[in-house]
Amino acid sequence: MKKGIALLLAACMALSACGAAGRSETGETARIEQSQEVETQTGENRDGERTSGETAERAPGQEQETEKILIAYFTWADNTQVEDPSAVDVDATTSASVLPPGNTAKLAEWIQERVGGDLFSIVTEEPYSSDYDQCLERAADEKAEDARPALTGRVEHMEQYDTVFLGYPNWWYTVPMPVLTFLEAYDFSGKTVVPFCAHGTGGLAGSVEAIEDALPESARLLEPVGVYRPDVDFAQPVIDQWLDGLGYGAESAEGQVP
Ligand SMILES: Cc1cc2nc3c(=O)[nH]c(=O)nc-3n(C[C@H](O)[C@H](O)[C@H](O)COP(=O)(O)O)c2cc1C
């Protein structure tokens with residue numbers, strides 16, 4: 001039996017309110033993707049178990065003194081080398097994310113602003129090409145081979161973290177394979193994992209299922225958020241409302257808890 005995704009009506013409502021908050025300068029409404037796992041707004045997971053109490057128990061500020069949070073993310077910009085940054089046309093849709101901060105990194109920083117915690121960038125030993133087509137090709141090969149690209153660095157004392165926010169771009173309808181390397185490198189038993197995704201027109205696609213499959217039964221997966229690439233720069237309110245829905249209200253930021 002797979003783990004259920006904890007869904008809160010409040011979280012769903014927060015997300016549905018995000019369209020207006022996430023409007024871009026061009027007037028486009030932010031496309032906030034909810035997980036395809038969303039089956040009900042009544043707080044049942046896919047196995048029909050009640051889960052609505054799980055995050056509701058997280059009274060604002062209550063767990064904050066003990067809850068230790070890691071925000072781990074993979075982003076193309078941290079996994080490539082650009083020889084001449086000044087030559088990158090940041091307006092081009094395909095090259096927008098090769099220069100730091102990458103889209104996923106921006107979301108990660110906003111999450112940290114709200115919930116505190118430690119940031120960790122997932123970086124492969126072998127950088128990806130900064131050429132979009134070449135990066136696409138390698139990512140496709142890695143997906144086809146179910147590869148686990150080697151990573152540089154490790155999270156120190158992963159056992160201290162209760163909650164891991166896990167960020168990634170949608171690559172080929174799922175997570176980049178280094179995200180699976182990351183998930184398999186640590187014991188996530190008993191931890192809460194909260195996915196967040198920057199994506200193109202494909203939304204979250206199969207990414208949450210891939211994460212779920214890589215986690216042990218005892219890990220708890222909370223409702224993910226996805227932000228459409230052109231809306232990332234305007235998405236801080238969207239992230240805040242998503243976090244509100246998960247029980248991480250504004251008062252949960254580190255340093256604001258009495
Ligand atoms: C190798 C590669 C594969 C991608 N595949 C998809 C995809 O299948 N669906 C989608 O919606 N977006 C896809 N994208 C677009 C990224 O998800 C999107 O640009 C994201 O915002 C990049 O985030 P980042 O700057 O953190 O890397 C792909 C991008 C790359 C580089």
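In this chain, residues are counted from 1 in sequence order. None of these values were measured; they are calculated from a predicted model. Order of listing sets the numbers, starting from 1, for every ligand and every atom in it.
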*Asks:* Heavy atoms only, cut-off 4.0 Å: how does Ala198 contact ligand 1, side chain, backbone, both, or neither?
*Replies:* both

*Asks:* Just wondering, more than 12 heavy atoms not from Gln160 lying within 6.0 Å of its CD?
*Replies:*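 Count over threshold, so yes.
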
*Asks:* List ligand 1 atoms under 4.0 Å from Asn103, heavy atoms only on the residue side.
*Replies:* 20 (C), 21 (O), 22 (C), 23 (O), 24 (P), 25 (O), 26 (O)

*Asks:* With a 4.0 Å heavy-atom cut-off (strictly under), which part of Thr201 contacts ligand 1: side chain, backbone, both or neither?
*Replies:*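 Thr201 to ligand 1: backbone contact only, side chain stays beyond 4.0 Å.
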
*Asks:* Run the numbers for me: atoms of ligand 1, each under 4.0 Å from some heavy atom of Gly200, listed by number.
*Replies:* 10 (C), 11 (O), 12 (N), 17 (O)

*Asks:* For Asp131 and Ser129, which I'm curious about, is there any donor-acceptor pair between the side chains at under 3.5 Å?
*Replies:*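 No, no side-chain donor-acceptor pair sits under 3.5 Å.
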
*Asks:* Just say parallel, tilted or perpendicular for the rings of Trp76 and Tyr132, cut-offs at 30° and 60°.
*Replies:* tilted

*Asks:* Closer than 4.0 Å to some heavy atom of Ala139 - which atoms of ligand 1 meet that?
*Replies:*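 Contacts of ligand 1 toward Ala139, numbered from 1: 1 (C).
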
*Asks:* Have Asn170 and Ser207 got a donor and an acceptor in their side chains that come within less than 3.5 Å?
*Replies:* no

*Asks:* Can you list the atoms of ligand 1 that are under 4.0 Å from a heavy atom of Gly102?
*Replies:*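 Per the distance check, 25 (O).
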
*Asks:* So, is Trp171 polar-close to ligand 1, with some N/O to N/O distance under 3.5 Å?
*Replies:*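 No.
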
*Asks:* In ligand 1, which numbered atoms sit nearer than 4.0 Å to a non-hydrogen atom of Trp172?
*Replies:* 3 (C), 4 (C), 5 (N), 6 (C), 7 (C), 8 (O)

*Asks:* Ring centres of Tyr128 and Trp171 under 6.0 Å apart?
*Replies:*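 Yes: the rings meet the under 6.0 Å criterion.
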
*Asks:* Would you give the length of the straight line joining atom CD1 of Ile71 to atom CG of Asp118, rounded to the nearest 0.5 angstrom?
*Replies:* 8.0 Å

*Asks:* Within the 4.0 Å heavy-atom shell around Gly202, which atoms of ligand 1 are there?
*Replies:*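 By the 4.0 Å cutoff, the relevant atoms are 10 (C), 11 (O).
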
*Asks:* Looking only at heavy atoms of Tyr73, does any of them come nearer than 4.0 Å to an atom of ligand 1?
*Replies:* no

*Asks:* Counting from 1, what ligand 1 atoms have a heavy atom of Tyr173 closer than 4.0 Å?
*Replies:*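 Per the distance check, 7 (C), 8 (O).
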
*Asks:* Can you get from Val123 to Met158 by hopping between Ile, Leu, Val, Met, Phe, Trp and Tyr side chains that sit under 4.5 Å apart?
*Replies:*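 Val123 does not cluster with Met158.
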
*Asks:* Does any N/O atom on Ala105 come nearer than 3.5 Å to any N/O atom on ligand 1?
*Replies:*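 Min N/O separation from ligand 1 is not below 3.5 Å for Ala105.
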
*Asks:* Can a donor-acceptor pair be found, under 3.5 Å and without considering hydrogens, that links the side chain of Thr181 to the backbone of Pro149?
*Replies:*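 Looks like yes, one N/O pair under 3.5 Å.
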
*Asks:* So, is Tyr132 polar-close to ligand 1, with some N/O to N/O distance under 3.5 Å?
*Replies:*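 No, no N or O pair falls under 3.5 Å.
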
*Asks:* If we only count N/O pairs under 3.5 Å, is Pro169 in contact with ligand 1?
*Replies:* no

*Asks:* Do the two ring centres, one from Phe182 and one from Tyr168, sit under 6.0 Å apart?
*Replies:* no

